[in-house]
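Predicted model, so just to flag it, every value in this text is computed and none were measured. Proteins come first, then strands; the chains are lettered A, B, ... in the order of their sequence lines, and each starts at number 1.
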Amino acid sequence: MSTEFISLLFVFMLATFVGLDVIRRVSRLLHTPLMSLTNAISAIAVVGAILLAGEAETPFSTALGLLAVFASTTNIVSGFLITDRMLKMFKRREPGS
Amino acid sequence: MSTEFISLLFVFMLATFVGLDVIRRVSRLLHTPLMSLTNAISAIAVVGAILLAGEAETPFSTALGLLAVFASTTNIVSGFLITDRMLKMFKRREPGS
Amino acid sequence: MSAATELAYLVSTALFIFSLKWMSDPKTARRGVFAGVVAMALAVGGTLLHHEIVTYRGIAIAFVLGTIVGVPLSWVPLTAVPQRTALSHAFGGLAAGLVGTAKYYLWLPTGELTTFRMAAIAVEIILGYLTCTGSLMAAGKLQEVLPTRPITYRNQNFINFGLFGIAVLIAFWLVVDPSRSFLFPILIALALAFGVLLILPIGGADMPTVISLLNSYAGLAAVAMGFVMENKLLITAGALDGSSGLILSIIMCRAMNRSFTNVLFGAFGQVQAGAAATEQRTAKSATPEDAAQILENANSVVIIPGYGMAVAQAQHRIRDLYEQLAKRGVDVKFAIHPVAGRMPGHMNVLLAEAEIPYDRLVEMDDINPDMPQVDVALVVGANDVVNPAARHDDKSPIFGMPIIDADKAKTVMAIKRSMNPGFAGIENELYFADNTLMLFGDAKAVVGDLVKQMAGGESVH
Amino acid sequence: MSAATELAYLVSTALFIFSLKWMSDPKTARRGVFAGVVAMALAVGGTLLHHEIVTYRGIAIAFVLGTIVGVPLSWVPLTAVPQRTALSHAFGGLAAGLVGTAKYYLWLPTGELTTFRMAAIAVEIILGYLTCTGSLMAAGKLQEVLPTRPITYRNQNFINFGLFGIAVLIAFWLVVDPSRSFLFPILIALALAFGVLLILPIGGADMPTVISLLNSYAGLAAVAMGFVMENKLLITAGALDGSSGLILSIIMCRAMNRSFTNVLFGAFGQVQAGAAATEQRTAKSATPEDAAQILENANSVVIIPGYGMAVAQAQHRIRDLYEQLAKRGVDVKFAIHPVAGRMPGHMNVLLAEAEIPYDRLVEMDDINPDMPQVDVALVVGANDVVNPAARHDDKSPIFGMPIIDADKAKTVMAIKRSMNPGFAGIENELYFADNTLMLFGDAKAVVGDLVKQMAGGESVH
Ligand SMILES: NC(=O)c1ccc[n+]([C@@H]2O[C@H](COP(=O)([O-])OP(=O)(O)OC[C@H]3O[C@@H](n4cnc5c(N)ncnc54)[C@H](OP(=O)(O)O)[C@@H]3O)[C@@H](O)[C@H]2O)c1
Ligand SMILES: NC(=O)c1ccc[n+]([C@@H]2O[C@H](COP(=O)([O-])OP(=O)(O)OC[C@H]3O[C@@H](n4cnc5c(N)ncnc54)[C@H](OP(=O)(O)O)[C@@H]3O)[C@@H](O)[C@H]2O)c1
C-alpha cells in the first residue's frame, strides 16, 4: 500500500465524517432540493473529464473525456437550476402580509 | 505557496469542520471531562517529540525531544486517567435500584 | 497541479461543505446553492488553469452543449423531479465510467497501471456504469416508460449475485495483472448488465429509495475517480455526495420500517392486487356541503397530505382552503410524514410551490401528541402514512412504521377516489372508523368543491 | 513515513474522532476514553516504528518518568481539576515549543528552512511558549498561589499589544530570512513574556474561560507542529483540540453574556468590593426546622446548585437530602445553569460524584418553563445564575445573561453564608423577595441540618 494512497484515504475519511454530519443536519423540509443539489455536486466528475479531454493524449481518450464533460455539464446546469427553482418557493410568511 | 502546504491545509480544514461539529454535540453534562479528554488528546505532540528524540541528530535536539516526550507523556497519562475517573461517576439510575 | 489550482480546489471544497451546511435551514438554503455554484466554478476554473491542458475548444463546445441540454432539464414539472434526478445520475455515472475507461487505455501501454491505480479504476468503472444503467432503468420506471411492477424470475438473486461475484473476480484478476486487457470490456459489460438486473425486481414505488442509493454510488464513483487522478477535491465532493445518498435512503427505509435488503431484493409491490380484495365493511361518506360545514365549525384542523395530493396536483386548491379556514379563525396546520408522497420532502416542496408558509408544516413527531385535541384531521390522498394498523396489527406489512395519528382526531375526513389501497397495497381500517367520513373524488376537484362551498358558491378559479 | 506508520496514523485519527463523538452521551462516554487511549497507543506505536528512529532508551525513560508524574496528577480532588488542566496545558505548550526550537536549530545549518517551514515553526513556538507561561499563570491564580484579583497598570493593553506586535514583526523577519538566528531566542523570550502579561489582568474567576482558550492554543500549536513535520495526524488531532477549546469558551462567554474581548481585557472582578456596599433592604431568614418542614410538604422541589456547593463540598449532603425527599414522594429535580460553578459542567461532575442519577439533572432552558409550577426552589450556593436583574435591569453588569428563574417558584430558599455577592460582585434582589427565605451558613452544614431534621434527629454521618 503506497503512502500516497493512505494520504488520499485520510482525506476520504475526514470528508465522510464531515459529509455524514452535515447531511444529517439538513432540514427535513428540504430533502427534495437536497437530492438535486447533491446531484449537481456529484457532477464534480467534470474535473476529471476536463483533465482527460484537455490533455488530449489520444483521440480515444479525448473523445471519452469530451463526452464526460458534456454529461457532467448537463448535471451541473440542471441540478443547480432546479434546486434554486424549488428553494425559491419556500416562504415563511404569507406573501404580502 | 507549495502544494505540499496546501495539501496539509486541506487536511486542517476538513479536520476543523469535523472538530467543530463533533464538539458541538458533546453532552453539556460532560463538559468538564471533555476538557481533560481534549487535554490528553492535545498531548499528540508526543509524536513530534518522539521523532525528534529518536532521530538523535544532535545532543541538543535529543535533549529537547526527550523533555518534550516527558511533558507529553505526563499529559497523556493524567488526562486519560482523570477523564475516566470522572466519567465513572456518571450514573443514570439509583445505585442498586 | 500548480499551487493556484490546488488553492482553487481548497476553497471549492470549503464552499461545497458550506453549501450543504446552509441547507439546514430554508432561510439560508438559497445561499447554499450560490455557494455550490461558486464552488463548482472554482473547481472548473482551477482545472482549466492546469498547465497540461492543451486544447480548450472541444471543452468549450461540450460546455455549451451540456448547458443547452441542462437548462430545459431543469424546467420539468415538480412531479417529474424524481425521474430527472435519476436521469442525471445516469449521466454522472456515465461520466465516471468514461473517464475510468479512458485512463485505463491511456496507462495500459505506458506501464503506469500500478496496483493501486488499477484497483481504483476497477471500482470507478463498476460503480460508474452500474449507476448509469441502473439510473436509466429507475428513470424509465418512474416515467412509466418501463413496467413499474417488479419483474422477477426464478433464482433471480442467485443469478444477480453470481454475476456480481464474477465481476468482482474479474476486477481482482485485472488488479493482479492489469495487462490482461481483454478482461476490461467484459468488466464494463458486466457492470452495465448488473445495473439493469439490480433494478428489474424493484417496484416503481420503491424507486425513490433506489435513486438515493444510486446518488450515493455516483458520489462513490467520483471518489474512486479522485483516487485514480489523485485529486482531493474529487474525493471530498464525492464523499459529501455519497453520504447524502446514504443518509436519505436510511431515513426513507426507517420511516417505512423496512430494511435495505427488503427494498433491494424484496420485490415489494407485487402482492398489491391480492391484499386489496378482502374489503368488506362499509365506510361512511359525506357530501362537500357537510364537509365544508364541519371544517368551518372546527377550532383546529390538521391537513395530512399524501401521494394522492401530488398525483392530483391539489396543492393550490389546498392553499385556497387554508385561506378560507384561516379567514374564519380556524387554526390550520399541515402534518408532514417523512415518507408521504414518493420522495423525501415531496409534500414540503409541493406545499411550498402553492406558497403555503413553511412554518405551518409540522413534522410527524411534533404533531402526534396534539392529535387527540384536534377537531378535524383532513387526509388528502394519504393512505399508508395514516394507517393505524402500523401501530397495533403485528401481521400488517407496515407494522412498526411510524404513522401520523389521524385516527385520534375528533373527526377524520379522507379524500380519495375509491377504496383502493395505497403504496403498500393494504386496506386501511381508518376509513371504516366511526369518526371517519370519506370524501370520494379526485383531490383537486374535491378540495375545489370545499373551497367553493365556503366562498359561498362563487367561482374560485 | 512508511505505509505501516501512515496506516496506524489513519486509524488513530478515526479513533480520536470517535472518541469525541462518543462524548455526546454519558452512556458511551467511557468507550470514548477507551477509543482515545487506543488512538494514542496507535499514534505512539506507529511513530516508534518509523525507521529513522535510532535510539529507544531515552524515550523509554521519558515515558516512565512521564507516567510517574502523570499518575498522581490524576488523583487531584475534583475541585482542583481546573488547576490540573491548566498545568497540563503548560506541559503541552512546552512540548510544542521545545520541538519547534529543536527543529529550527537542526534545519538552520542544513539550509532546509524553507519559508513555509520557518513560518510554521514561528507559529508553533509563539503559541507553544505563550500557552506554557499563560497556563502556569492560570494554574497559579486558580490554586491561589498567585493573587487572584486582576493586576492592572497604566497603558496595559497598549504595552501588551505592542509586545505582541514586535513578536509578529520578528517572526516575519525570520520568515523572510531564517538565517537571522539571533532573532530566534528573542522570539522565544517574547512569547514567554506575552503569556504572563496576557493573564495578569484577568481575574481568577475568569480563569475557566482562559483555560479553554489556552486549550485551543495548545491544539493549534500541535497543528503548527504538524505543518512543521508534515504530519497529518498532528494536524487533525490538534484541530479537534483547537475546536474544543474554542467552542467551550464561546459557550461560557455566551452563558455569561460577555464577549471574548471583555473576558480577556475587561479586568473583570475588580469592582467587586464597591458594588456590594449598597445593601439596604432586609431579607427574611428561616431556621432549618422551618425549612425542612416546608420541603417535606412540597410536591415539587428544584435544587439549584452553584459555586458555593462546590466550595462547601456539599454534594454528598445534597444527595442525602434528595433521598429523604424522594422517600416522602416529593418530586426533586436539579436545575443546572451552563456556567454555574467555575468551569463548564462543574455541577454535573460534582453531583455525579455524589451518585445523583444524571437523568435528574435538567438544563436551564428545559426547567425554566416549569418554574412557576414549582413549590420550592432551593438555591444552594448559587448567586449570579439566579439573579433576576439579568432579566430586567439593563444597568446591571450581568443584564442579558440567561438565568434560572428561581424567583418564579412559589417559595425560594437560598443557602449561603452571608449577604455577600458572588462572582459578578453584585447584589441579588432575589434574596429580598417576599417569597424568599434565607438559610445562612456553610452549604454542607445547612443541608446536613436539613437532612437531620427530616431523618428525625438521628445522625446521618
Ligand atoms: N416519500 C418517500 O420518500 C417514499 C419513498 C418510497 C416509498 N414511499 C411509500 O409511499 C407511501 C406514501 O404514503 P402516502 O400515504 O403518501 O400515499 P399512499 O399510501 O401511496 O396512498 C396514496 C393514496 O392517494 C390516493 N390517490 C391517488 N390519486 C389520487 C387523486 N388524484 N385524488 C385523490 N386521491 C388520490 C390513492 O387512493 P385512491 O386510488 O382511492 O384515490 C391512495 O390510497 C408510503 O407507503 C411510503 O412508504 C415513500
Ligand atoms: N462555570 C463556568 O464555566 C464559569 C466560568 C467563568 C465564570 N463563571 C461565573 O461564575 C458565576 C457562577 O455563578 P454561581 O451562581 O454558581 O456562583 P456565584 O455567583 O459565584 O455565587 C456563589 C455564591 O456561593 C456562596 N458561597 C460560597 N461559599 C459557600 C459555602 N461554603 N457555603 C454556602 N454558600 C457559599 C457565596 O455567598 P456567601 O459568600 O454569602 O456564602 C456566593 O454568593 C457566574 O457569574 C459565572 O458567570 C462561571
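For Phe63(D), the CZ atom counts as densely surrounded, since its 6.0 Å shell holds more than 12 non-hydrogen atoms of other residues, nucleotides or ligands. More than 12 heavy atoms of other residues, nucleotides or ligands shown are found within 6.0 angstrom of OH on Tyr105(D).
Counting heavy atoms from C-beta on, the side chains of Ile251(D) and Arg28(B) come closer than 4.5 Å. The shortest distance between side-chain heavy atoms of Ser216(D) and Ser249(D) does not fall below 4.5 Å. A heavy-atom distance below 4.5 Å is found between the side chains of Ile356(D) and Phe334(D). Thr28(D) places none of its side-chain heavy atoms less than 4.5 Å from the side chain of Lys21(D). Residues Glu55(B) and His50(D) are in side-chain contact: their nearest non-hydrogen atoms beyond the backbone lie under 4.5 Å apart.
Side chain of Thr16(B) to main chain of Phe12(B): a donor-acceptor pair is present (N/O by atom type, distance under 3.5 Å, no hydrogens or angles). Using a distance-only test at 3.5 Å, with no hydrogens or angles considered, a donor-acceptor pair links the side chain of Tyr56(D) to the main chain of Leu48(D).
At a 4.5 Å heavy-atom cutoff, the contact between Leu78(D) and chain B is made by backbone and side-chain atoms alike. Contact annotation for Leu20(D): both backbone and side-chain heavy atoms come within less than 4.5 Å of a heavy atom of chain B. Interface residue Val76(D): backbone and side-chain heavy atoms are both found under 4.5 Å from chain B. Of the atoms belonging to Met40(D), it is side-chain heavy atoms, and not backbone ones, that fall under 4.5 Å from chain B. In this structure, the portion of Phe60(B) lying under 4.5 Å from any heavy atom of chain D is its side chain and not its backbone. Heavy atoms of Val81(D) lying under 4.5 Å from chain B belong exclusively to its side chain. If you measure heavy-atom distances from Ala29(D) to chain B, the contacts under 4.5 Å come from both the backbone and the side chain. Residue contact with chain B, scored on non-hydrogen atoms closer than 4.5 Å, involves the side chain of Tyr9(D) exclusively. For Ile50(B), the parts lying under 4.5 angstrom from a heavy atom of chain D are both the backbone and the side chain. Both the backbone and the side chain of Val47(B) come within less than 4.5 Å of a heavy atom of chain D. Residue Leu106(D) touches chain B through its side chain alone, counting heavy-atom pairs closer than 4.5 Å. With a 4.5 angstrom heavy-atom cutoff, Asn215(D) touches chain B only via side-chain atoms. In this structure, chain B has heavy atoms under 4.5 Å from both the backbone and the side chain of Glu230(D). Contacts between Val99(D) and chain B at a heavy-atom distance below 4.5 Å involve backbone atoms as well as side-chain atoms. In this structure, chain B has a heavy atom under 4.5 Å from the side chain of Leu361(D), while its backbone stays farther away. Contact of Ile247(D) with chain B is made through the side chain alone, with heavy-atom distances under 4.5 Å. Both the backbone and the side chain of Ala53(B) come within contact range of chain D, with heavy atoms under 4.5 Å apart. For Leu220(D), the part lying under 4.5 angstrom from a heavy atom of chain B is the side chain only.
Across Ser135(D) and Ala86(D), no two heavy atoms sit closer than the pair CB-O, 3.1 Å. Between Ser36(B) and Arg84(D), the shortest heavy-atom distance links the atoms CB-NH2, 3.7 Å. Scanning all heavy atoms of the two residues, the minimum distance from Asp241(D) to Ala218(D) falls at OD2-C, 4.5 Å. Arg319(D) and Pro357(D) make their closest contact through NH1-CD, 4.3 Å (heavy atoms, listed as atom of the first residue, atom of the second, distance).
Taking chain D as the reference chain and counting heavy-atom pairs below 4.5 Å, the highest number among Val11(B), Leu29(B), Thr58(B) is found for Leu29(B). Interface remark: of the candidates Ser88(D), Ala239(D), Gly345(D), Ala95(D), Ser88(D) forms the most heavy-atom pairs closer than 4.5 Å to chain B. Taking Ser212(D), Ser12(D), Pro26(D), Pro82(D) one by one and counting their heavy-atom pairs under 4.5 Å with chain B, the maximum is reached by Pro26(D). Of the listed residues (Thr83(B), Val69(B), Thr62(B)), the one with the most heavy-atom contacts under 4.5 Å to chain D is Val69(B). Options Thr114(D), Val223(D), Thr115(D) differ in how many heavy-atom pairs under 4.5 Å they form with chain B, and the most are formed by Val223(D). The choice from Val22(B), Thr73(B), Leu34(B) that makes the most heavy-atom pairs within less than 4.5 Å of chain D is Thr73(B). In terms of heavy-atom pairs under 4.5 angstrom with chain B, the leader among Leu240(D), Ile235(D), Ile61(D), Val44(D) is Ile235(D). No other option in Arg24(B), Met86(B), Lys88(B), Glu57(B) has as many heavy-atom pairs under 4.5 Å with chain D as Lys88(B). Annotation: maximal heavy-atom pairing with chain B below 4.5 Å, among Ser244(D), Ala120(D), Gly226(D), occurs at Ser244(D). Options Leu8(B), Val26(B), Leu81(B) differ in how many heavy-atom pairs under 4.5 Å they form with chain D, and the most are formed by Leu8(B). No other option in Leu20(B), Asn39(B), Leu64(B), Ile41(B) has as many heavy-atom pairs under 4.5 Å with chain D as Asn39(B). In terms of heavy-atom pairs under 4.5 angstrom with chain B, the leader among Arg57(D), Lys232(D), Met347(D) is Lys232(D).
The aromatic rings of Phe5(B) and Phe227(D) sit tilted, their planes meeting at an angle between 30° and 60°.
No side-chain N or O of Arg85(B) forms a donor-acceptor pair with one of Ser74(D) less than 3.5 Å apart.
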